[in-house]
Number of protein chains: 2
Amino acid sequence: MENLSTTEENYIKTIYHLQQTDTTVSTNDVAAKLNTKAASVTDMLKRLNTKQVLNYEKYKGFSLSNQGEKVALDIVRKHRLWEYFLVEKLAFGWDEVHAIAEELEHITSKVLIERLDNFLGNPKFDPHGDPIPDSNGKMQTQPQINLVDMPIGETASVSAVGSQSTELLELLTHKNIAIGTQITIKKKFSFDHSMEIETPANSSFTISRELALALFVTIKTPSLL
Amino acid sequence: MENLSTTEENYIKTIYHLQQTDTTVSTNDVAAKLNTKAASVTDMLKRLNTKQVLNYEKYKGFSLSNQGEKVALDIVRKHRLWEYFLVEKLAFGWDEVHAIAEELEHITSKVLIERLDNFLGNPKFDPHGDPIPDSNGKMQTQPQINLVDMPIGETASVSAVGSQSTELLELLTHKNIAIGTQITIKKKFSFDHSMEIETPANSSFTISRELALALFVTIKTPSLL
DNA sequence: TAAATATTTTAGGCAAATCTAAATTATTTA
DNA sequence: TAAATAATTTAGATTTGCCTAAAATATTTA
């Protein structure tokens, strides 16, 4: 099943991402993500079902087949490798690359993506800290926790961000926090759920609950990025 | 006029290339190049005419407008920069990059292509020796002549190839000829139009008329590639 | 559990890009 | 120049992807 249109690929990718967070994925969820209507989604579900990438029973629900998951992982791989390329080689900001990678991820050549992977040094995580699947769809799972869930006194390194917005990047840049930065929790304030933290570059300072929620850390060795 | 589909872009590019060599371009020429039918071409000509990229009068003929030429040069620029990237950074062969660049040339981001250009060191010629237009559509013109037209005794350097086939690359590799190689014409044989040439790497050897026809040289300073 | 509400699907249509077959216009050639 | 041939265009279908409005099914809630 190698004859998928860009549109079909986008549906598959969207369903994949929704399946990661939600237990059930609805027609409306997909429509919302793709800026389209539920009726259009139903049309596509029928097509993807005949193409074997989806298990679909009408009125009952749907999910990606094994085939479909492979397709999705391949697109995710391409997306994240291109994002890495854009940030590391072309000096784009972390917040600028998503839209471009949405286009690049549909370039079909298999050998291209393998060479790109080598050229980049086989990175395991993209600029946002998300894992890059290998050519078999396997990816490294870092045991990540949200910064708000870290106990006081513990030290961990930032491994991913929960948003790709320019606003978040601006704030992180100003506070000297990036993927890989070591953070120690000094204090938590229950009044507004703000917390005091420490980093190698700065002495103690306070961050908001909103910011803490947008940061994911791992207690293990620093990111292989 | 920035809302062009990939298909529309491909028509524009095809018409551009045909206009470079042929004085008049026919519906059938375009159909042949795009593996489609004359009727489909007519449909598209009408669309491109309303989109102002084409001057078209039915049954009379058509040619790109100034607008259309700009669009074409932008696509050519992207195509050739990506080819340069694939060969120089990802170690692809010269003969493998065309199909991939056909896809990459439709990526829309303007800033992407400017950064790619800088990353590559603003190359002026692609791996086949074809000039890369700058962001204004200007390109360096090397006074190129076909190898068969060079006088005996003259020395020049290979600046472009007339085909992108694997077969040609194989032959050139075997004979140690690449873009930039200095060639001196020693003798021409009128029987079969073969010619004896000399390069820095090899002493005199003979090449066929077919090969000579596929090589373009410039008497000026070596390519800025 | 029956009625109200929400979700999903069908029916019928539209635009892009393509096709084949037929009609129209241009060009060649006898 | 008139007839034959070639090129181009139109007419009418097809497929993909999308839409709105209405019908069918599921889920909530009274």
Side-chain angles (χ1 to χ4, degrees), chain A residues 1-15 18-19 21-64 68 71-72 75 102-103 105-106 108, chain B residues 1-15 18-19 21-64 68 71-72 75 102-103 105-106 108:
Chain A
M1 195 50 47
E2 288 303 308
N3 315 349
L4 295 167
S5 71
T6 295
T7 309
E8 288 167 337
E9 287 192 347
N10 281 332
Y11 271 90
I12 293 169
K13 190 186 57 161
T14 299
I15 294 167
L18 287 171
Q19 280 185 349
T21 43
D22 312 355
T23 41
T24 60
V25 178
S26 76
T27 327
N28 277 328
D29 293 342
V30 176
K33 279 277 177 196
L34 289 174
N35 274 313
T36 183
K37 297 297 150 72
S40 308
V41 175
T42 300
D43 287 347
M44 185 58 86
L45 294 180
K46 286 194 274 190
R47 284 242 304 284
L48 294 179
N49 187 52
T50 63
K51 292 203 175 189
Q52 319 266 329
V53 292
L54 213 77
N55 304 311
Y56 169 62
E57 277 182 279
K58 67 167 161 172
Y59 289 113
K60 298 285 216 75
F62 56 89
S63 63
L64 290 179
V71 173
I75 303 168
E102 290 277 292
E103 287 188 66
E105 73 191 5
H106 300 292
T108 55
Chain B
M1 196 51 45
E2 288 302 307
N3 315 348
L4 295 165
S5 71
T6 295
T7 309
E8 288 167 337
E9 287 192 348
N10 281 333
Y11 272 90
I12 293 169
K13 190 186 56 162
T14 299
I15 294 168
L18 288 170
Q19 281 186 350
T21 42
D22 311 355
T23 42
T24 60
V25 178
S26 76
T27 327
N28 277 328
D29 293 342
V30 177
K33 279 276 177 195
L34 289 174
N35 275 312
T36 183
K37 299 297 151 71
S40 309
V41 175
T42 301
D43 288 347
M44 185 59 87
L45 293 180
K46 286 194 275 189
R47 282 243 305 285
L48 294 178
N49 187 53
T50 64
K51 291 203 176 189
Q52 319 265 329
V53 293
L54 212 77
N55 305 310
Y56 168 64
E57 278 182 281
K58 65 168 165 172
Y59 289 115
K60 297 286 216 73
F62 55 90
S63 64
L64 289 180
V71 172
I75 303 168
E102 290 277 292
E103 288 188 65
E105 74 191 3
H106 300 293
T108 55

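Chain naming here is simple, since letters A, B, ... match the order of the sequence lines and numbering starts at 1 in each.
- The residue among A:Met44 and A:Lys60 whose nearest nucleotide of DNA chain D is located toward the 5' end is A:Met44.
- A:Lys37 contributes atom NZ, which lies 11.0 Å from atom CG of A:Asn28 (distance to the nearest 0.5 angstrom).
- For C:dT10, one of the phosphate oxygens OP1 or OP2 lies less than 4.0 angstrom from a side-chain nitrogen or oxygen of A:Lys46.
- Note that the CE atom of B:Met44 and the OG1 atom of B:Thr14 stand 10.5 Å from one another [nearest 0.5 Å].
- One can place NZ of A:Lys58 at 8 Å from C1' of C:dT10, the figure rounded to the nearest angstrom.
- Using a 4.0 Å cut-off between charged nitrogen and carboxylate oxygen, A:Glu102 and A:Lys13 count as a salt-bridge pair.
- The interatomic distance linking B:Leu4 (CG) with C:dA16 (C1') rounds to 14 Å, in whole Å.
- Rounded to a whole Å, the CD atom of B:Glu8 is 8 Å from the P atom of C:dA16.
- Within the 4.5 Å cutoff, no side-chain heavy atoms of B:Ser26 are placed close to those of B:Phe62.
- For C:dT18, the OP1/OP2 oxygens have a side-chain nitrogen or oxygen of B:Tyr11 closer than 4.0 Å.
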Subject >> Stepwise side-chain contact (heavy atoms from CB on, under 4.5 Å) check, A:Thr7 with A:Leu34 >> reply: CA-CA 10 Å; A:Thr7 309; A:Leu34 289 174; over 6 Å; no
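- Note: A:His106 NE2 to A:Ser5 OG = 9.0 Å, rounded to the nearest 0.5 Å.
- You'll find the side chain of A:Tyr11 stays beyond 4.5 Å of the side chain of A:Leu45, heavy atoms only.
- Within residues 26-41 of chain A, the residues that have a heavy atom under 4.0 Å from DNA chain D are, in order of number, A:Thr36, A:Lys37, A:Ala39, A:Ser40.
- Distance CG (A:Asp43) to P (C:dG13): 15 Å, rounded to an integer number of Å.
- Nucleic acid contact for A:Tyr56: sugar-phosphate only, since backbone atoms but no base atoms lie under 4.0 Å from a heavy atom of the residue.
- Evaluation of atom-type donor-acceptor distances gives a pair under 3.5 Å for the side chain of B:Tyr59 against the base of C:dT24.
- The distance from atom CG of A:Asn49 to atom P of C:dT8 is 16 Å, rounded to the nearest whole Å.
- One atom, CG of B:Leu45, and another, P of D:dT8, lie 10 Å apart when rounded to the nearest Å.
- Among the protein residues, A:Thr42 comes within range of the nucleic acid bases, having at least one heavy atom under 4.0 Å from a base atom.
- What separates CZ of A:Phe62 from C1' of C:dT9 is a distance of 13 Å, to the nearest Å.
- In this structure, CG of A:Leu48 is placed 13 Å from P of C:dT9, rounded to the nearest angstrom.
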